[in-house]
Amino acid sequence: MTTKVPLVVIVGGGFGGLAAAKGLKRSPVDVLLIDRSNHHVFQPLLYQVATSVLAPGQIASPIRGLLANQTNTSVMLGSMTGVDAASKQVIVDVDDKTGIRISYDYLILATGATHSYFGHNEFATFAPGLKSLSDAESLRNHLLEAFEKAEIEDDPDRRKALMTFVMVGAGPTGVEMASAIAVMTHTTFRKDFRRIDPRSAHIVLADMGTRPLATFSEKLSEAARQRLVSLGVDVLLGKPVQSIDADGVVIGEERIEAKTVVWTAGVAPSPAGKWLECTVDRAGRVRIQPNLSVPDHPDIFVVGDTASLDQDGKPLPGVAQVAMQQGAYAAKSIFRKVIGHPPLPPFRYFDKGNLAVVGKNFAVLQSSGVQLSGFMAWLVWALIHIQFLAESSLKFSVFMQWVWTYLSDKRGARLIIRQRSGS
Ligand SMILES: Cc1cc2nc3c(=O)[nH]c(=O)nc-3n(C[C@H](O)[C@H](O)[C@H](O)COP(=O)(O)OP(=O)(O)OC[C@H]3O[C@@H](n4cnc5c(N)ncnc54)[C@H](O)[C@@H]3O)c2cc1C
């Protein structure tokens, strides 16, 4: 590929990659954004797809559409498999064409993270995680099917196992999933079934740590724990998960028969460190420099969940705000290099605060000294999430859906969609 202006290749159209691409809109460069999926996903709302509040199309947007008006930018559907840093090329598979080489002048890697089972990959078969739209859809199918099967099950033990839902990991995703299932069973599902009472579902939130939402203050953790308990969630803390199989999970010494176990515990970075053959941190994230470039590769930037950078002696968290701010910074750095301006001062993350929702009308908020829990925090949560959705149409659609769900307790997206074998 020949270009008159420098070519910036961005791999990953998530929060970091998209912010980088948008940041280069007015730069004298060509941009090529490569993603293995054709859409950008708003991951913080995946749990709402899994629990039938929102439809998949309400939290995802085609990347091509998001960048359609950016004339210096092209989009490519392809999966990156490696980097040849010496010849400044990325290696990409596109459908059955493998090993395509694309030259770059600057490279921004924003390939995110995936689930980590902390060395127990055998858990993956029985405890899927929640990272992509297809994860959320398949979890939604699974949850809805569990209630359908319970409705026709005569054996009380098997029925109980079908109506037991275990979340492993009490970070924001586990807390949000557990509380959303609890709300769903007590509202939408209440009148839907004849033989089972969905309110008797056993919802378990387990973590080997001693408090849920451990990145929040102790006070907010405790507020979240109390709220979970009031929603009927069984919060099991301080005990590791020993094993998971098709029929249940062993937590500490206790076996819980459960047909649904969801892994909400950990994430592992993309293989960016292996592609670049560079130094990584203990979690495998690429150790980047304060200007977000890779040591010895001033033309390669790594941002978001797949990058590791300390600030004030602590590693930056794997959250959307870090990815977005880093993506924008990398874009600005490249712009300045291209036009011959001096480099930016080192990257500094501006923490706007943390939020986690715990069922209807309740969230916790921690932001520069402010600690809030309850309805006001929930309103802030709702407004911020709407604000950060990628498109105006999604903001409107999600807002209307939330108002409708709030007032009616109905969930229109409770659809089981599976391919049927045969005709
Ligand atoms: C369920 C869930 C809930 C969350 N809730 C919150 C929250 O409430 N608040 C918050 O701040 N953060 C939250 N996060 C974290 C937040 O979503 C991430 O920190 C953020 O998405 C990181 O952005 P990123 O650009 O690094 O990666 P991502 O947004 O994950 O994007 C990575 C992109 O790279 C693409 N990609 C990966 N590998 C390849 C490859 N080999 N070739 C081509 N493309 C590739 C992927 O398809 C994807 O589009 C949540 C995450 C999850 C999973």
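Each ligand, and each atom within it, is numbered from 1 in the order the structure gives. Because the structure is predicted, anything quoted here is derived from the model rather than measured.
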* Which word best sums up how the rings of His115 and Tyr117 line up, parallel for under 30°, tilted for 30 to 60°, or perpendicular for over 60°? -> perpendicular
* Structure fact -> Sorted by chain and residue number, the residues with a non-hydrogen atom under 4.0 Å of ligand 1 are Val11, Gly12, Gly13, Gly14, Phe15, Gly16, Asp35, Arg36, Gln43, Pro44, Gly78, Ser79, Met80, Ala110, Thr111, Gly112, Leu130, Lys131, Thr173, Trp275, Gly304, Asp305, Gly318, Val319, Ala320, Ala323
* Asked: So Phe42 and Phe15, would you call those rings parallel, tilted or perpendicular, with 30° and 60° as cut-offs?
  -> perpendicular
* **Ser217 side chain vs Leu220 backbone, donor-acceptor pair below 3.5 Å** => yes
* To do: Any side-chain hydrogen bond (donor to acceptor under 3.5 Å, both in side chains) involving residues 307-318? Give me the pairs, sequence neighbours left out, ordered by first then second residue.
  => Asp281-Ser308, Arg287-Ser308, Asp312-Arg348
Ignoring hydrogens and angles, write down the donor-acceptor pairs under 3.5 Å from the side chains of residues 229-242, residues two or more places apart or on other chains.
| residue | atom | partner | partner atom | Å |
| --- | --- | --- | --- | --- |
| Ser230 | OG | Arg227 | O | 2.7 |
| Asp234 | OD2 | His202 | NE2 | 2.9 |

* **side-chain hydrogen bond (donor to acceptor under 3.5 Å, both in side chains) pairs, two or more places apart, involving residues 162-190** => Thr188-Arg411
